[in-house]
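Reading through the structure tokens given below for one structure.
Heavy atoms only: backbone and side chains are in, while hydrogens, waters and symmetry mates are out.
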Amino acid sequence: MHKKLPKIFIFIDKYNSEIFKNKNINIGIVYRNYKDENRENQLIRIAEACKKSRYQLFVSNDLKLAYKFKADGIYIPSFNKSKKFLNLEKRNIKIIGSAHSQKEIHKKIEQNCKAIFLSPLFHIKKSKNYLNLHKFNYLSLLNRTKIFALGGISENNIKKLKLLKIKGFGGINLFKKKPASKRPVFIKNNFF
């Protein structure tokens, strides 16, 4: 039986016990750390916490680790142009990815991604360019795939997500700044 994709995704690079205190089970965890030599030790803790909290786990860019830790899926970052992730549905592995433009959205569709994080929606420190609400909605409506918002989402602008044609959103810094379990957006089960 296939589980539906969660509506809220939390991108993490290491285990954080605060994230797993929330009772909302409509959450996906994307483990995205390419530099840590102890990735497997981190994933042991994260996979156990996901199983206990009934969160879906996605491992970024590493199919072997996804299999080893029985992840629900794999996350393909925008820089990965490979097609080696095709035909994973037969093994009950969901494929999600990220894109920054129409060209990258097409690439993710070719890679068989069932959902695509389009980013950055709002201004972020590491990039001068961001989509803004109008361009984001245009790209979202132009493509017949599940689009999720990512990039620059904060407590100040999260209500603007209701203006978008999206299936959910992902956050990185949104869940790092203070205990995630105490955030209003985290507690609500019916944000969308």
Side-chain angles (χ1 to χ4, degrees), residues 2-13 16 18-32 50 53-58 60 72-78 94-109 111 113-192:
H2 296 290
K3 291 189 234 174
K4 288 183 178 179
L5 282 173
K7 293 187 179 193
I8 300 172
F9 282 84
I10 303 168
F11 287 74
I12 62 174
D13 54 6
N16 178 348
E18 287 295 320
I19 287 172
F20 298 99
K21 289 183 179 179
N22 188 33
K23 301 300 178 210
N24 182 349
I25 59 170
N26 197 9
I27 293 173
I29 300 293
V30 178
Y31 177 67
R32 188 178 77 162
C50 283
S53 300
R54 297 186 343 193
Y55 294 175
Q56 291 185 41
L57 174 63
F58 294 80
S60 180
D72 296 281
I74 188 154
Y75 167 80
I76 307 171
S78 61
K94 297 175 198 152
I95 307 169
I96 60 175
S98 64
H100 305 294
S101 65
Q102 181 63 25
K103 184 178 178 181
E104 289 181 1
I105 290 171
H106 280 296
K107 189 61 168 173
K108 294 304 160 198
I109 292 170
Q111 290 174 319
C113 290
K114 299 302 176 203
I116 299 169
F117 290 91
L118 189 54
S119 75
L121 171 57
F122 300 114
H123 179 266
I124 57 173
K125 289 179 184 176
K126 70 178 187 177
S127 175
K128 292 179 186 177
N129 301 326
Y130 60 96
L131 293 167
N132 76 39
L133 296 173
H134 299 291
K135 188 171 183 180
F136 185 98
N137 253 350
Y138 174 74
L139 290 173
S140 181
L141 292 167
L142 192 62
N143 296 283
R144 294 189 175 180
T145 189
K146 293 177 183 170
I147 299 288
F148 286 72
L150 181 67
I153 300 169
S154 68
E155 287 188 40
N156 297 332
N157 60 24
I158 197 159
K159 289 183 180 180
K160 292 180 181 180
L161 296 181
K162 292 186 179 189
L163 301 171
L164 301 172
K165 173 136 176 46
I166 56 174
K167 296 294 180 184
F169 70 97
I172 300 169
N173 291 330
L174 175 66
F175 300 108
K176 285 183 179 179
K177 291 185 180 171
K178 66 180 180 181
S181 59
K182 296 180 181 172
R183 296 181 165 280
V185 65
F186 211 156
I187 296 167
K188 292 181 183 177
N189 285 325
N190 57 354
F191 187 79
F192 290 94

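Using a 4.0 Å cut-off between a side-chain N of Lys or Arg and a carboxylate O of Asp or Glu, K21 and E18 qualify as a salt bridge.
Distance alone, capped at 3.5 Å, places no donor-acceptor pair between the K128 side chain and the H123 backbone. A donor-acceptor contact shorter than 3.5 Å links the side chain of Q56 to the backbone of K4. Judged by distance alone, the side chain of D72 and the main-chain N or O of K94 form no donor-acceptor pair under 3.5 Å. For S98 (side chain) and F117 (main-chain N/O), no donor-acceptor pair under 3.5 Å exists by modelled atom type. Between the side chain of S140 and the backbone N or O of K165, at least one donor-acceptor pair lies under 3.5 Å.
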*Does the side chain to side chain contact (heavy atoms under 4.5 Å, CB included) test come out yes or no for I8 and F169, once each step is laid out?*
CA-CA 5 Å; I8 300 172; F169 70 97; 3.9 Å; yes
*With side chain to side chain contact (heavy atoms under 4.5 Å, CB included) as the test, would you mind laying out the steps for I95 and Q111 before giving the verdict?*
CA-CA 8 Å; I95 307 169; Q111 290 174 319; 5.6 Å; no
*asked:* Could you walk me through whether Y55 and N22 satisfy the side chain to side chain contact (heavy atoms under 4.5 Å, CB included) test, starting with their C-alpha distance in whole Å, then the side-chain angles of each, then the deciding distance to 0.1 Å, before giving a yes or no?
replied: CA-CA 10 Å; Y55 294 175; N22 188 33; 3.5 Å; yes
_Set out, in order, the CA-CA distance, both residues' side-chain angles and the distance that settles side chain to side chain contact (heavy atoms under 4.5 Å, CB included) for I96 and V30, then state yes or no._
CA-CA 10 Å; I96 60 175; V30 178; 4.3 Å; yes
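How far CG of L121 is from CG of L164: 5.5 Å, rounded to the nearest 0.5 Å. The line from CG of L139 to CG of L131 is 6.5 Å long, rounded to the nearest 0.5 Å. Here K160 contributes atom NZ and S154 contributes atom OG; the two are 8.5 Å apart, rounded to the nearest 0.5 Å. Atom-to-atom distance recorded for L118:CG and N137:CG is 10.0 Å, nearest 0.5 angstrom. The distance from atom NZ of K7 to atom CD1 of I27, rounded to the nearest 0.5 Å, is 13.0 Å. Atom-to-atom distance recorded for S60:OG and I12:CD1 is 11.5 Å, nearest 0.5 angstrom.
Taking the ring centroids of F11 and Y75, they lie under the 6.0 Å cut-off.
The two residues E104 and S78 make their nearest non-hydrogen contact at OE1-CB, 3.5 Å. For the pair R32 and D13, the tightest heavy-atom approach, listed with the atom from each and the gap, is O-CB, 3.7 Å. The shortest heavy-atom contact between F20 and I29 is CE2-CG1, 4.0 Å. Taking all atoms of both residues into account, the shortest heavy-atom contact from G97 to K108 is CA-CD, 4.3 Å. The shortest non-hydrogen separation linking G170 to I153 is O-CD1, 3.6 Å. The nearest pair of heavy atoms linking G152 to I124 is N-CG2, 3.2 Å.
The side chain to side chain contact (heavy atoms under 4.5 Å, CB included) check on N132 picks up Y130, H134, K135, with sequence neighbours excluded. For the side chain to side chain contact (heavy atoms under 4.5 Å, CB included) test, residues two or more places apart in sequence or in another chain that qualify with K146 are L5, A115, F148, K167. Evaluation of the side chain to side chain contact (heavy atoms under 4.5 Å, CB included) rule for T145 yields I109, I116, N143, I147 as partners, not counting sequence neighbours.
The shortest distance between side-chain heavy atoms of F136 and I166 falls below 4.5 Å.
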